Amino acid sequence: MKKAVQDASPRTAQILAQACGIELNKRILSFHQPAPQPTTDPSLNEARKHAKPLYTRPGSSVAPSTSTVAQAKGRKLPSTAERVLDAPGLMDDYYLNLLSWSTKNMLAVALSDTTYIWNAQTGTVDALGTVPEDTYIASLDWTADGSYLAIGLGTGEVELWDVAQQKRLRSMAGHQAQVGSLSWWDHIVSSGCADGSIFHHDVRVAQHKVSELLGHTAEVCGLKWREDGEMLASGGNDNVVNAWEGRTGGIGNDANCLSVKPKWMKRNHTAAVKALAWCPWQPSLLATGGGTSDCTLHFWSAQTGARLHSLVTPSQITNVVWSPHTREFATTHGFPTNAIMVHQYPTLSQVHEVKNAHDARVLYAALSPDGTTLASGAADENIKFWKLWEVPRKSKREERNSMGGIKMELIR
Amino acid sequence: MPVAQKTKANITLKGSTEVVTEFFKYAVNSILFNRGVYPADDFNMVKKYGLVVLVTSDEALSAYLEKILTQVREWLVKGSIARLVLAIVSKESRVTLERWQFDVDVTKPSAAEGEGSAPPPKPETEINAEIRAIIKQIVSSVTYLPTLSEPCAFNILAYTSADAEVPEGEWLDTDPHAIEAGKAEAVKLRSFSTNHHKVEAMVAYRYEG
């Protein structure tokens, strides 16, 4: 256009320009990149609008800086591990979940093809059993009562073990690839597979697969049931966080294995989501952390899917664990800091950081049943124990009440 | 003493440019929020101009806007930008649905006039009050603008003079994203001025009554 205008005589050019609605001495420019797409689903706007005032606090913002270090009063946090266990053969794989701590105070850890149970009370170690030769253990999870252990294998089977009898009860086939994440709720064990599918297995019945959840296009590496079984959260290598309705999620459905859609889906993370945790003292709160290129923690409202807070950390987030007693959470990190960090919620101020907690990236973490000690497993083949929190002292009244309770029992 | 006071009250060209670009930033953010171009969830409340203004917390978006505004600032200093347009287009059909237009006039203090006749410097509070009025108008525009029912994207256009310095490859010539004459309604918004710039705002929208 410009060239044509220059070739013509000034008068013609003027007429031509006028006809086209162009002004000669002007250029209209636009930036070469198109504007970025919104990261969250706009169809939830309405729901968010109503939910937001419920969660906002005065003086809060979505992403405060991490620089403020609020050291808790009179509390000293460990800079070295309380105890170190050697774990030769602990696999160095971000997508596995090889550490689980039961309510009976037993820590299960998988060292390539063998499961070991470390009794935290006595300190004894037992080998629970090995898996078939051609495969390895990809994930572990205890039942809520701590008497059974589910083991996900590299070939796709999910095994159920009775720990007291050291016996394998059943092996549930179904998945075509590695089962890297497991989560129990009641008699349902949910398994996340490398092909992106999540199955619910009802361990009581022969036709164990009761439901199939398809919401990921890549490996499911994080999977967590909420304690009340109302919701299931999953994170995948496709950078997606999904929340599934527990009740309508097909549990207890007939054997036609209904495929269901997630309650909400989030694409805010820019790397694989392995770290997932439901808040024990605020049931509608879900924390998720992204991998290497993301390093961000997001906090979600489970009901609406609204993003409540975000926190950018210095490195890959491999686990997030809530403290049951205090308003805090711990995160474990990969390269370069290999750190364990403790932050407060909802201020998100940093309470503590153990840099280079391990010599290699911290991959696995589990919290003790009393909620005080974090066990961390890393690529340096060590399991370390960190006493991050205290059990709160009971008030006198509570103590008396519990004493009264015991007395009553004795009398009866 | 009077000298010191005068320099404080008198905004320089650089300061004026700063005021105008900052206004663009908050105006664009307000439009994107109020028109629902980006999810409301991704905006934070910020106090500005004595108002609560919503500013995006989406890092990709704020980086994008910052890149644009850095260039706009440069053009403003050189006086080579005449108009900034924010076009809201339908994602699917690429049709312009709304067109927010900000005309920038460089008001050069004429050299012929002596220093004594130069207009008195405009106090900052007055400028802020004018800007506040425009932002308020943007916020309240929701009441008369038609609802954007389809997913939208936005595009920022800069009208520059032909001899403006344009970073190679970063800015490209484009069509004006105008709405066809018969199908558009336009509402003139308020304006504000500093000693060096005058900004007039206007919104045009597609209305097929």
Side-chain angles (χ1 to χ4, degrees), chain A residues 1-3 5-6 17 20-53 55-64 264 266-268 270 294-296 298-301 304-310 312, chain B residues 28 32 36-46 55-65 67-69 71-72 75 80-89 91 148 151-164 166-178 181:
Chain A
M1 178 54 71
K2 209 176 170 193
K3 190 156 189 315
V5 167
Q6 279 167 352
C20 299
I22 303 167
E23 285 171 82
L24 271 185
N25 53 349
K26 270 191 189 149
R27 292 180 73 181
I28 305 175
L29 301 168
S30 79
F31 199 56
H32 70 294
Q33 293 170 327
Q37 296 289 315
T39 47
T40 41
D41 182 2
S43 65
L44 285 168
N45 272 355
E46 202 57 27
R48 276 196 205 99
K49 204 164 70 192
H50 295 299
K52 189 131 192 178
Y55 297 102
T56 43
R57 291 161 301 104
S60 75
S61 65
V62 169
W264 49 258
K266 293 289 156 186
R267 299 181 185 279
N268 290 42
T270 54
D294 187 37
C295 305
T296 309
H298 288 306
F299 297 87
W300 310 98
S301 157
T304 60
R307 185 161 57 102
L308 304 176
H309 299 279
S310 292
V312 180
Chain B
V28 167
L32 294 180
V37 181
Y38 283 79
D41 190 30
D42 286 349
F43 286 82
N44 278 344
M45 287 196 220
V46 170
V55 176
T56 184
S57 58
D58 188 323
E59 273 167 34
L61 179 59
S62 52
Y64 177 79
L65 291 179
K67 262 189 234 159
I68 288 178
L69 290 176
Q71 185 56 46
V72 168
W75 282 328
S80 51
I81 188 165
R83 181 181 286 173
L84 193 79
V85 168
L86 175 93
I88 298 181
V89 295
K91 252 185 203 167
L148 300 172
C152 292
F154 76 97
N155 211 341
I156 291 182
L157 315 177
Y159 284 53
T160 63
S161 55
D163 56 347
V166 178
E168 203 52 51
E170 286 206 357
W171 289 76
L172 310 167
D173 285 289
T174 179
D175 75 302
H177 283 66

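Fair warning: this is a prediction, and the values are worked out from it, not measured in the lab. Order of the sequence lines sets the chain letters (A, B, ...), proteins ahead of strands, with each chain counted from 1.
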Using non-hydrogen atoms and a 4.5 Å limit, figure out which bit of B/Val166 sits close to chain A: side chain, backbone, both or neither. side chain
Toward chain A, the part of B/Ala158 with a non-hydrogen atom under 4.5 Å: both
Heavy atoms of A/Leu29 and B/Asp173 approach each other most closely as CD2-OD1, 3.6 Å
Compare every heavy atom of B/Tyr64 with every heavy atom of A/Gln33, then report the nearest pair and how far apart it is. O-OH, 2.9 Å
Side chain from CB out, backbone as N, CA, C, O: work out which of these in B/Ile68 comes under 4.5 Å of a heavy atom of chain A, or both, or neither. side chain
Please check if any side-chain donor atom of B/Thr56 sits under 3.5 Å from a side-chain acceptor atom of B/Asp58, or the reverse. no
Residues A/Phe31 and B/Lys67: closest non-hydrogen pair is CZ-CD, 3.8 Å
